[in-house]
2 protein chains.
Amino acid sequence: MTPLPKDEAKHRRIIQAAIQVFAEEGVSNGKIANIAKAAGIGKGTIYEYFRSKTEIFLAVFEYYFNKLLKGYEQLIREDLDPTRKIEKILDYTFDSLDEQLSNGSSPDWLIFLEIFLQGYRNEILGDGELLFSDTLRKMYTLFEPLLEEGITAGVFKSLETEHAIFILFAALDGIGLHYFINRNHYQKELLKTTIKEIILHGLLKTDSRKV
Amino acid sequence: MTPLPKDEAKHRRIIQAAIQVFAEEGVSNGKIANIAKAAGIGKGTIYEYFRSKTEIFLAVFEYYFNKLLKGYEQLIREDLDPTRKIEKILDYTFDSLDEQLSNGSSPDWLIFLEIFLQGYRNEILGDGELLFSDTLRKMYTLFEPLLEEGITAGVFKSLETEHAIFILFAALDGIGLHYFINRNHYQKELLKTTIKEIILHGLLKTDSRKV
DNA sequence: TATGGCTGACCGACCGGTCGGTCATAATAA
DNA sequence: TTATTATGACCGACCGGTCGGTCAGCCATA
């Protein structure tokens with residue numbers, strides 16, 4: 001299946017170039033010629049590393065998924081109590097998005113969303129119908145032990161973990177999306193506080209909050 | 001600007017056909033020829049009603065926005081206390097999505113998302129017409145009085161309304177999206193309960209909950 | 001001279017939009 | 001009433017531009 005990438009660095013450069021082009025022009029409008037130009041190579045060379053545009057798309061998907069997963073995995077491994085850990089996850093998600101937005105170039109968030117859209121519509125894979133939702137659920141699963149720990153400790157409400165994690169993750173994703181869309185109209189720190197006030201405290205069994 | 005739609009019913013039929021085609025093939029891959037076929041008319045006729053594919057796209061956007069807005073407006077007008085109203089809004093959003101999913105045909109949610117995606121991409125990189133994010137914020141605004149009422153009544157926490165509504169709305173949107181992607185893996189009623197448990201109760205000043 | 005990574009001119013399928021023509025109906029004339 | 005003409009909604013073959021993918025040859029290296 002894999003076409004033997006001869007030069008690993010160039011392989012990565014093509015993926016990075018594809019990300020840039022997809023983000024600027026969209027996945028279906030993103031042109032191979034532009035990816036080649038952005039990568040500083042000829043169009044034909046792309047086809048030495050990838051069989052098709054679809055294969056480039058899948059590589060980008062994989063890149064993003066691993067990046068996201070790694071970030072969350074690291075957070076979860078830290079030695080903190082569940083409440084503090086959830087708090088950090090909320091902050092982390094928000095901050096990393098904000099960082100992407102502020103460094104000028106086209107943000108990952110947009111392309112990540114489109115990747116899922118494309119993937120889900122099955123435009124790309126005839127058979128891979130389950131790839132995308134399965135992948136997503138793999139990410140949810142990562143958080144389940146954390147929630148269970150909090151419930152066992154009596155800090156979190158005794159919610160059904162699978163569904164609660166789903167809500168948490170989905171809500172966070174939506175907030176990220178809308179923040180991206182409206183980033184000029186809201187104050188970052190106030191949003192972060194409000195997120196915790198609503199979502200984290202919605203999770204807690206008892207609240208000892210300011211007002 | 002408007003090209004005088006001669007036959008109002010046919011105009012609507014084209015929009016409906018476009019929705020169907022966009023949902024199945026995506027916005028940028030959706031073919032005018034297929035829209036014409038789905039509407040049961042010739043391709044040329046499309047251009048008697050719309051100047052371009054972009055204009056069709058905008059008409060679809062408008063259709064969806066008005067539909068969504070109308071649903072929420074109606075809910076907000078009902079005579080209920082703020083808590084119960086938020087609860088109904090959460091239920092309504094979820095139920096209407098679920099209804100769309102179960103009636104087999106391609107769900108609105110997907111195309112709605114892509115509409116925004118396309119719109120934002122143009123907004124960000126194009127000539128800066130702020131149509132889409134402005135439109136979205138108009139929807140947020142709808143909920144602000146509701147939240148203020150709850151805060152004044154002392155039922156909700158005294159959150160900054162604009163930011164709180166943003167969180168609420170964005171979270172709900174994300175949940176809808178993820179539910180769409182993973183609809184086979186979760187129980188609807190349990191999700192609805194969990195949503196209220198986390199999000200509604202995160203909003204409340206004091207909780208009198210079961211567990 | 002041989003190898004093979006690399007290249008971009010080129011091919012052909014595809015698709016948004018056009019335009020000359022058709023035809024059902026309406027308006028007018030006989 | 002019937003014949004003739006005018007209207008414009010409707011159509012789909014066609015055009016021109018676009019873009020994913022190919023391939024014949026270039027060139028650096030051994």
Side-chain angles (χ1 to χ4, degrees), chain A residues 1-61 111 114-115 118-119 121-126, chain B residues 1-61 114-115 118 121-122 125-126:
Chain A
M1 189 60 194
T2 14
L4 297 226
K6 300 128 200 171
D7 180 348
E8 184 57 39
K10 196 165 293 181
H11 188 265
R12 276 200 305 274
R13 227 165 68 222
I14 294 173
I15 292 179
Q16 287 306 315
I19 287 170
Q20 187 186 324
V21 169
F22 284 166
E24 276 168 18
E25 308 177 7
V27 171
S28 43
N29 283 333
K31 289 144 196 70
I32 298 288
N34 291 347
I35 295 175
K37 200 185 293 177
I41 56 172
K43 197 171 90 165
T45 310
I46 300 252
Y47 288 88
E48 301 283 334
Y49 292 83
F50 297 93
R51 280 191 187 79
S52 65
K53 190 178 175 183
T54 300
E55 213 172 277
I56 299 175
F57 169 78
L58 288 174
V60 170
F61 169 76
I111 183 187
E114 185 163 1
I115 283 172
Q118 290 268 358
R121 189 179 291 115
N122 245 350
E123 216 166 61
I124 304 299
L125 299 173
Chain B
M1 188 63 194
T2 14
L4 288 233
K6 302 125 202 175
D7 181 348
E8 185 56 40
K10 195 164 293 180
H11 188 265
R12 277 199 305 274
R13 226 165 68 221
I14 294 173
I15 292 179
Q16 288 306 316
I19 287 169
Q20 187 186 323
V21 170
F22 285 165
E24 276 167 18
E25 308 177 6
V27 171
S28 44
N29 283 335
K31 290 145 198 68
I32 298 287
N34 291 347
I35 295 175
K37 201 185 292 176
I41 58 174
K43 196 171 90 164
T45 309
I46 299 254
Y47 288 88
E48 302 281 336
Y49 292 83
F50 297 93
R51 279 192 187 78
S52 64
K53 189 179 176 182
T54 302
E55 213 171 277
I56 300 175
F57 169 77
L58 288 174
V60 171
F61 169 76
E114 186 162 3
I115 283 173
Q118 291 271 353
R121 199 191 321 278
N122 293 343
L125 309 159

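All heavy atoms count here, side chains included; hydrogens, waters and symmetry mates do not. Proteins come first, then strands; the chains are lettered A, B, ... in the order of their sequence lines, and each starts at number 1. A quick note: this is a predicted structure, and the numbers were derived from the prediction, not measured.
When rounded to the nearest whole Å, the span between CD of B:Glu48 and P of C:dC19 equals 13 Å. The distance between atom NZ of A:Lys31 and atom P of C:dG8, rounded to the nearest whole Å, is 19 Å. Atom P of nucleotide D:dA9 and atom CD1 of B:Ile14 are separated by 13 Å, given to the nearest angstrom. C:dG8 atom P lies 15 Å from atom CD1 of A:Ile32, rounded to whole Å. Distance NE2 (B:His11) to P (D:dC10): 13 Å, rounded to an integer number of Å. When the P atom of D:dA9 is taken as reference, atom NZ of B:Lys10 falls 10 Å away, rounded to whole Å. In this structure, B:Asp7 atom CG and D:dG8 atom C1' are separated by 13 Å, rounded to whole Å. Note: CG (A:Asn29) to C1' (C:dG16) measures 13 Å, nearest angstrom.
For C:dC15, the OP1/OP2 oxygens have no side-chain nitrogen or oxygen of B:Lys53 closer than 4.0 Å. In this structure, A:Tyr49 reaches the C:dC6 phosphate: one of its side-chain N or O atoms is under 4.0 Å from OP1 or OP2.
Note that the CD1 atom of B:Ile14 and the OG1 atom of B:Thr45 stand 7.5 Å from one another [nearest 0.5 Å]. The structure places CD1 of B:Ile41 at 7.0 Å from OH of B:Tyr49, a figure rounded to the nearest 0.5 Å. Here the NE2-CD1 distance, from B:His11 to B:Ile46, works out to 10.5 Å after rounding to the nearest 0.5 Å. The distance from the CD atom of B:Glu48 to the CG atom of B:Asp7 is 12.0 Å, given to the nearest 0.5 Å. Taking OH of B:Tyr47 as the start and CD1 of B:Ile56 as the end, the distance is 6.0 Å to the nearest 0.5 Å. Rounding to the nearest 0.5 Å gives a distance of 10.0 Å between NZ of A:Lys43 and CG of A:Asn34.
Contact check of residues 33-47 of chain A against DNA chain D (heavy atom, cut-off under 4.0 Å) returns A:Lys43, A:Tyr47.
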